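Since the model is a prediction, treat every value here as computed from it, not as a measurement. Numbering of residues begins at 1 and proceeds along the displayed sequence. The analysis underlying the following values was restricted to heavy atoms, covering all of them including side chains, and did not include hydrogens, waters or symmetry mates.
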Amino acid sequence: MLGLPVLLGWGAGLLIGLVLLAAALATASAWMVRRLSSAASARPFAAIWMRALLGWTLVIGVLVATPFYWLMVVTETRPAVVPQVSLTNGTKRVVFQGMQHIGSEHFYQAVVYDLEKALSEGYVSWYEGVQTPTPESQAFFEKLSHELVGGTDLSGTYKSIGEVCGMKFQLDYFALLEADKAEHPGRHLVADVDALELKAEYERLMREDPVFAKAHAKDFQPKPATNDNAVMLMAVEWLKHGSASQKTLGGVTCRGLFSLNQPAGNAAPGRMEPVILDFRNRALAQRIMQTPDDKIFITYGAAHLPGLVAELRKLDPKWAVGSVKWLRTIEAPEHIEGQLRGLDK
């Protein structure tokens, strides 16, 4: 019974497949029992087979369903979080809000609230986003995106993943700031590098760093359809056209896996980290030091924070961490309904 909601949710095909597997195992089990037990050999094969079928069906059902219930628990007991950290060197104050491309509605609402509050207190707002002002930079960024996630439309990919995970895409919420951007353009800045700068750094590392060059010898070549990103994108496309129950179970799976997949502090660096993290951290630190603005609210991927602080301290050892606040990024979507009393529809 524990596995029935999951099995029915994924569709009748899974339930039928489970019963067929249980039937095959029951046949083998019944034959073995009759061979090893003289008492069982005197009983009808069908009676032993039916009991084995029921047992195997229950066991397999529990085995199939347990991971989904476990992922539900993981989402609640091991929540994914990102930091909001205030930094200062005595003359400048920076609030670094760690971001995640897709997350819960509550998370983005909290970020936008804190950002609007900071703007009202005289902060400027800096945003992440590799810039592609020319066809050449756009072409390289698309190549890089395909290498990283298996597609050229990063925003579309994140939005699709968010839809099947029951979460939101961050740019949908930053659109709420468009009116303020139009009225006060000087308070808003995309403080990231140009894609051509990424290309120049990548080519420099390929020339000067033998370890990097060896690790990236096969970059930008066609990838087999079975790589992890391709499988994930195929699953996303399948779930987008799935039933309501399949989308619900897909969301449970997705949120649980995201919660489990939070990077550990001692995790090994990724292959592209020297380009997509280290280089951009250096550029962001230099921009912070050079700007005349002394109060900056930065929304950037949470993975940039350790490297950014290290780069700032290279430029000025006085940089120190002040307050820290943690925000939860992943939780199950809420559907709340009440009852209006004394009102006619």
Q. Going by atom types alone, do Y173 and E105 pair a side-chain donor with an acceptor below 3.5 Å?
A. yes
(Q) For the CE atom on M272, are there more than 12 heavy atoms of other groups (residues, nucleotides or ligands in this structure) within a distance under 6.0 Å? (A) yes
**Q.** Expected output: side-chain Y300 to main-chain N281 donor-acceptor under 3.5 Å
**A.** no
Q) Considering only heavy atoms from C-beta outward, does the side chain of L277 approach that of H304 to under 4.5 Å? A) yes
Q | T75 OG1 to W70 CH2 distance, which is reported to the nearest 0.5 Å | A | 9.5 Å
Q. Under a 4.5 Å cut-off applied to non-hydrogen side-chain atoms, are F297 and R187 in contact?
A. no
**Q.** Contacts of type salt bridge (Lys or Arg N to Asp or Glu O under 4.0 Å), residue K318, not counting sequence neighbours
**A.** none
**Q.** Heavy-atom pair of closest approach, residues H101 and F169
**A.** O-CD1, 3.3 Å
Q: For R51, look at atom CZ and say whether over 12 heavy atoms of other residues, nucleotides or ligands are found less than 6.0 Å away.
A: no
Q: Show your working on side chain to side chain contact (heavy atoms under 4.5 Å, CB included) between T291 and W126 and close with a plain yes or no.
A: CA-CA 12 Å; T291 181; W126 287 9; 3.8 Å; yes
Q: Could you tell me whether the side chain of S37 and the main chain of R34 form a donor-acceptor pair under 3.5 Å?
A: no
Q. Quick one: CD on Q138 to OG on S145, what's the gap to the nearest 0.5 Å?
A. 8.0 Å
Q.
Under the side-chain contact (heavy atoms from CB on, under 4.5 Å) test against I288, which residue among D316, L315, L87, I298 passes?
A. I298
Q: I would like to know whether D180 and E116 meet side chain to side chain contact (heavy atoms under 4.5 Å, CB included); could you show each step before the answer?
A: CA-CA 9 Å; D180 191 80; E116 289 182 331; over 6 Å; no
Q: Report yes or no: do L115 and W326 belong to one cluster of Ile/Leu/Val/Met/Phe/Trp/Tyr joined by side chain heavy-atom distances under 4.5 Å?
A: no
Q.
Could you report the tightest heavy-atom contact between G103 and Q100, atom names first, then the distance?
A. CA-NE2, 4.5 Å
(Q) Using a 3.5 Å distance criterion without hydrogens, assess whether the side chain of H216 forms a donor-acceptor pair with backbone atoms of R271. (A) yes
Q: Decide yes or no on ring-ring contact (aromatic ring centres under 6.0 Å, His included) for F212 and Y202, but give the supporting numbers first.
A: CA-CA 9 Å; F212 184 88; Y202 177 87; 5.7 Å; yes
Q) Stepwise, does the side chain to side chain donor-acceptor pair (under 3.5 Å) test hold for S29 with W56? A) CA-CA 9 Å; S29 299; W56 278 114; 2.8 Å; yes
(Q) So I330 and S104, do their side chains get closer than 4.5 Å, heavy atoms only? (A) no
Q. Which disulfide bond (SG atoms under 2.5 Å apart) pairs, counting each pair once, include a residue from residues 165-196, with sequence neighbours left out?
A. C165-C254
Q) Charged N to carboxylate O under 4.0 angstrom, K325 versus D114? A) yes
Q) Tell me, do M167 and F258 make a side-chain contact under 4.5 Å, heavy atoms counted? A) yes
Q.
When you group the ILVMFWY residues by side-chain heavy-atom contacts below 4.5 Å and let the links chain together, are I48 and L54 in the same group?
A. no
Q: With the side chain counted from C-beta on, respond yes when L144 and L198 share a heavy-atom pair under 4.5 Å apart, and no when they do not.
A: yes
Q.
I want to check a possible cation-pi pair here: K181 against Y127, using under 6.0 Å from ring centre and within 45° of the ring axis as the test.
A. yes
Q) At what distance, to the nearest 0.5 angstrom, does OG of S137 lie from CD of E142? A) 10.0 Å
Q) Would a 4.5 Å heavy-atom cut-off, applied to side chains only, mark V124 and K295 as touching? A) no
Q.
Could you see if V321 belongs to whatever hydrophobic cluster contains F96? Use Ile, Leu, Val, Met, Phe, Trp, Tyr and a side-chain cutoff under 4.5 Å.
A. yes
Q | For the student: nearest non-hydrogen atoms of A182 and P185, plus distance | A | O-CD, 3.8 Å
Q. Out of curiosity, E201 CD to M206 CE, how far, rounded to the nearest 0.5 Å?
A. 12.5 Å
Q. Taking the side chain from Q84 and the backbone from Q97, do they hold a donor-acceptor pair closer than 3.5 Å?
A. no
Q | Non-neighbouring partners of D194 that pass salt bridge (Lys or Arg N to Asp or Glu O under 4.0 Å), sequence neighbours left out | A | none
Q) Is there side-chain contact between V81 and L327, with at least one heavy-atom pair below 4.5 Å? A) no
Q) With sequence neighbours left out, what residues match R280 under salt bridge (Lys or Arg N to Asp or Glu O under 4.0 Å)? A) E128, D192
Q. Within a radius of less than 6.0 Å around CE of M289, do more than 12 heavy atoms belonging to other residues, nucleotides or ligands occur?
A. yes
Q: Would you please test S259 and R78 for side chain to side chain contact (heavy atoms under 4.5 Å, CB included) and show each step?
A: CA-CA 7 Å; S259 298; R78 293 173 56 181; 5.6 Å; no
Q: Group every Ile, Leu, Val, Met, Phe, Trp and Tyr by side-chain heavy-atom contacts under 4.5 Å, then state whether L119 and V111 land in the same group.
A: yes
Q: List the steps and the verdict of side chain to side chain donor-acceptor pair (under 3.5 Å) for Q286 and Q290.
A: CA-CA 6 Å; Q286 290 167 3; Q290 293 168 2; 5.1 Å; no
Q) Are E76 and R328 close enough, and set up right, to give a salt bridge (Lys or Arg N to Asp or Glu O under 4.0 Å), and what steps lead you there? A) CA-CA 10 Å; E76 298 301 319; R328 180 175 181 173; 3.5 Å; yes
Q: Given side chain to side chain contact (heavy atoms under 4.5 Å, CB included), test S86 with R93 step by step and report yes or no.
A: CA-CA 7 Å; S86 65; R93 185 176 179 84; 3.8 Å; yes
Q. Going from OG1 on T329 to CD1 on I102, what distance comes out if it is rounded to the nearest 0.5 angstrom?
A. 9.5 Å
(Q) For a quick test of reading the model, state the closest non-hydrogen atom pair linking L205 to P274 and the distance between them. (A) CD1-CB, 3.8 Å
Q) Other than V211, which residues form its hydrophobic cluster under the rule that side-chain heavy atoms must be closer than 4.5 Å? A) none
Q: With rounding to the nearest 0.5 Å, note down the distance linking OG1 in T253 to CE in M72.
A: 10.5 Å
**Q.** Flag side-chain contact, heavy atom, 4.5 Å: F107 against K168
**A.** no
Q) Can you list the steps and then say if W49 with T27 is a side chain to side chain donor-acceptor pair (under 3.5 Å)? A) CA-CA 6 Å; W49 181 83; T27 301; 3.0 Å; yes
(Q) Using every non-hydrogen atom in the two residues, find where A302 and V82 come nearest and quote the distance to one decimal. (A) CB-CG1, 3.9 Å
Q.
Please check: side-chain N/O of D293 versus main-chain N/O of I296, any donor-acceptor pairing under 3.5 Å?
A. no
(Q) Please enumerate all residues that pass salt bridge (Lys or Arg N to Asp or Glu O under 4.0 Å) together with E136, with sequence neighbours excluded. (A) K199
Q | Axial cation check for F220 ring with K143, 6.0 Å and 45° limits | A | yes
